[in-house]
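Following: one structure in structure tokens, then a few remarks.
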There are 2 protein chains.
Amino acid sequence: MSQSAAIEKQVKPAFVRRRSNRRREIIDAAIDQFSARGYDGATLKDIAEAIDLTHAALYYYYKSKDVLLFEAVSLILNELLDTLKGCEGAPRAQLKSMMVAQLTYQFEYHRAMPLIDSVLFGAHSRRGVLKDEQSRYLRQCQKDMIGLYHSAVAAGIKSGEFTCKDVRTTVFSIIGILSHAPYWASPVNDKEMNAFVEKQTDICFRLL
Amino acid sequence: MSQSAAIEKQVKPAFVRRRSNRRREIIDAAIDQFSARGYDGATLKDIAEAIDLTHAALYYYYKSKDVLLFEAVSLILNELLDTLKGCEGAPRAQLKSMMVAQLTYQFEYHRAMPLIDSVLFGAHSRRGVLKDEQSRYLRQCQKDMIGLYHSAVAAGIKSGEFTCKDVRTTVFSIIGILSHAPYWASPVNDKEMNAFVEKQTDICFRLL
DNA sequence: GTCTATAAAACGATAGAC
DNA sequence: GTCTATCGTTTTATAGAC
């Protein structure tokens, strides 16, 4: 249990707590369903029934389906961003832990990444599912994320650790490699996962 | 015009030809719409009206929406496969032309790749939109495509041109980089495209 | 070959009971 | 806070006219 949740349990009345937890449960279910079936493929009924709710009851917590999409993508992006921000050290070490974190996260929220790409730059973005302000916010998260990679790579070039020429191309290539990983690899336990992460990071370092 | 189409023009009656062209037009429109809005986001109405047809008229040519999806993905995959099969030469030269072809193709059918990934391994595959036999066929195309990269890389390792250790990881990393390209780059003319392709292939060769 | 009309189902969303 | 009932719309798909 997170610290804030623990505090919440002490000071807030039960119904507020329940409401707050329910909201989170719904977002988690939305992430699952949107990831598994796509935004248009997943129905509010699917999401609601996954946590034993009727689809009508969802509307008590969130006012529309697109808000659910925004909250879902926002949650994932922010969690990933926070994790990456926590990666420190010399350029090489920092990038290594960023890559490990990114891979781990991608496999945890398994296959949510295509959804995110789609919301940020793909089909859903073109269709205008989200309001401009929401899109702008999510894109900023993504930009911040890319910025972290950018800084690390640039620092490594400056210090002479890395020899790559074009920072932008390099960063997006690394992200391309990492994003594509869940499509073809599916490590089933920690041992396989560790071996896989080692291989992937080795490959990425060849770009630097 | 392809050879078979040229022959067709000579020997087949007009209405058969027209029917055949219409079928192709519909698939092209389906590719556009599915790529732009996703399979679930695109409606038969969208597809039909893009080529001045009513949605009901589509059913004369194809019996359901999922057949349209299969035909669309099948067309792209086979065209790409054929192009890649045409790339020959020593490992390095062969891989280079394969990468160029892949990038060119991806930007031409701009943003169809996420759809394909989704049909092969993602949301649509999990939801069982396509019949097992259709899925199996498309996966085989994809496997054949990966096989071409695999052979080229393996040949380069054998000849001593490449120093990479794990063929599989390398191949999927290259494909990851190339697939991700349309998400962040959008060259607007041939000059920009050429410069971009050079940068991307340079990056990929660092993996080899 | 393409159209109109329409069926049948699914979906997002709202109103109101409890 | 959650449910039932229901509305309005959209969507896939079919039947039949021309």
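These numbers come from a predicted model, not from an experiment. Every chain is numbered from 1 and lettered A, B, ... according to where its sequence line falls, protein lines coming before strand lines.
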* Atom-to-atom span, CG of B:Asn21 to P of C:dG1 - whole angstrom -> 12 Å
What's touching nucleotides 16-18 of chain C from the protein side, N or O pairs under 3.5 Å?
none

* Distance, rounded to the nearest Å, where A:Tyr62 contributes OH and D:dG1 contributes P -> 14 Å
* Expressed in angstrom and rounded to an integer, what is the separation of B:Asp52 atom CG from C:dG1 atom C1'? -> 15 Å
* Asked: Do B:Ser135 and B:Asp132 have a side chain donor and acceptor closer than 3.5 Å?
  -> no
* **Non-neighbouring partners of A:Tyr183 that pass ring pair (Phe, Tyr, Trp, His ring centres under 6.0 Å), sequence neighbours left out** => A:His180
* To do: Please name all residues satisfying ring pair (Phe, Tyr, Trp, His ring centres under 6.0 Å) with A:Tyr39, sequence neighbours left out, ordered by chain then number.
  => A:Phe34, A:His124
Restricting to nitrogen or oxygen on both sides, can you table the protein-nucleotides 11-14 of chain C pairs closer than 3.5 Å?
unit_1	atom_1	unit_2	atom_2	d
C:dG12	OP1	A:Lys65	NZ	2.7
C:dG12	OP2	A:Leu44	N	3.1
C:dA13	OP2	A:Tyr59	OH	3.0
C:dA13	OP2	A:Lys65	N	3.0
C:dA13	O5'	A:Tyr59	OH	3.3
C:dA13	N6	A:His55	NE2	2.8

* To do: Given salt bridge (Lys or Arg N to Asp or Glu O under 4.0 Å), test B:Asp28 with B:Arg24 step by step and report yes or no.
  => CA-CA 6 Å; B:Asp28 284 336; B:Arg24 175 58 195 253; 3.2 Å; yes
* Nearest 0.5 Å, what's the CG-CG distance between B:Leu103 and B:Leu178? -> 5.0 Å
* List in chain and number order the residues that pass ring pair (Phe, Tyr, Trp, His ring centres under 6.0 Å) with A:Tyr109, two or more places apart in sequence or in another chain; answer none if no residue qualifies. => A:Tyr105
* Structure fact -> Looking only at C:dC3, D:dG1, D:dC3, the nucleotide nearest the A:Thr54 side chain is D:dC3
* Among all residues two or more places apart in sequence or in another chain, which pass the ring pair (Phe, Tyr, Trp, His ring centres under 6.0 Å) test with A:Phe107? -> A:Phe196
* **Side chain B:Tyr149, main chain B:Thr170, donor-acceptor under 3.5 Å** => no
